[in-house]
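Report on the following structure.
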Amino acid sequence: MSLTLEEMNNMYLDVLKEVGNIGSGNAASALAKMIQKRIDMDVPNVRLLSFEDVASVLGGEEMVVAGIYFQVEGDIDGNIMFLLDISSSKVLTSMLMGREDYTGDLDDMDRSALQEIGNILSGSYISSLSALTGLNLKLSVPSLCIDMAGAILSVPAIQFSQTFDNVLLIETILTEGDYEVKGNFFLIPDSGSFEKLLRSLGVYS
Amino acid sequence: MQTIVKVGMADLKVVKEPDVLTTLGLGSCVGIAVYDRFKKIAGLAHIMLPDSNQIKNNSNKAKFADTAIEIMINEMIKLGASQARLTAKIAGGSQMFSFGNGSSDLMKIGYRNTLSTKEILENLKIPILAEDTGGNYGRTIEFYTETGDLLVKTIGYGVKTI
């Protein structure tokens, strides 16, 4: 039996939201520890979006964003994408490098710092999911791409499109002082893995 | 008056002179512009997957190279285009991310989209006049019905007309 989008929309979004909440909470504390500053987090916004609307969330298809992409392996297969707009990327890397200026261009060091940040945040998210579900989940090494939002998002959208006509987005806003970092997680289980995931969460039988 | 008609992801549009067709931020997807130079009628499809026969959930015809091209050509003929005159220009099909352990089929989706698009156009005897495909970067494209030019814009890889 396959899951329709409506069913998922109505019943499972809350569970995924909770996973997103705990995952993002852990991600925020991991980040706070790393930069040794207090990080506040809003309750994440979990949404199902149609392809047309995905890019508009990030300021349009041509907005330059940083996407950090992982393969998930273990009891379920799939991918995770962590997406940051460019100003959030600059804020995060500058915090990590201890720079005062949060507006400079991203260099190679920043790019590898971003991959590391993506690694830590996605790792926290995956371990929350793993703890909640009892599933054994592992992350691959990250792959980073800085380009147009539409182009980057085409990758999870294509994966999702094999099963659904929508994309599941978990939006988290982290703040440190006056600076806001808006991070977006896309959880993309392979077909078949989605039901397994929901079953492990006790919401689908 | 010239209107700029936007084509979304898994979407297609057909217009007449002097309108301009555009699709923004093509990544692994492929933008397929088909044109009747004599009637100045053009169609643009933004496809996500190579083949509707491989996927169960295939109700959205504009999502797949095969069904999108078929529908687009039918709509163009309805507007007065002749299939024998049609030509095509394609862009996109890049690989945005790569992993060290050899790329999975999924990572090669851009390449597969391009390949499938070319095969379908060849079967329909629609010549491909120009293409800008592959690589690891995104593209925004604009197709001009007046000239048949396809403008390709990128971040850091320049702008060109093909």
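Here is the naming used below: chain letters follow the sequence lines, and residue numbers restart at 1 for every chain.
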- Candidates I141(B), T23(B), L24(B), I32(B) - the one meeting side-chain contact (heavy atoms from CB on, under 4.5 Å) with H46(B):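 Of all the options given, the one that passes is T23(B).
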
Looking only at atom types and distance, does a side-chain atom of [X] sit under 3.5 Å from a main-chain N or O of [Y], one as donor and one as acceptor?
| X | Y | answer |
| --- | --- | --- |
| K89(B) | G31(B) | no |
| S88(A) | L84(A) | no |
| D149(B) | T161(B) | no |

Could you tell me which portion of I146(A) (side chain, backbone, both or neither) has an atom closer than 4.5 angstrom to a non-hydrogen atom of chain B?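 Neither part.
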
Quick one: of S140(A), G150(A), A151(A), C145(A), who has the most non-hydrogen atom pairs under 4.5 Å with chain B?
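The candidate making the most pairs under 4.5 Å is A151(A).
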
When the 4.5 angstrom heavy-atom criterion is applied to L26(B) and chain A, the contacting part is backbone

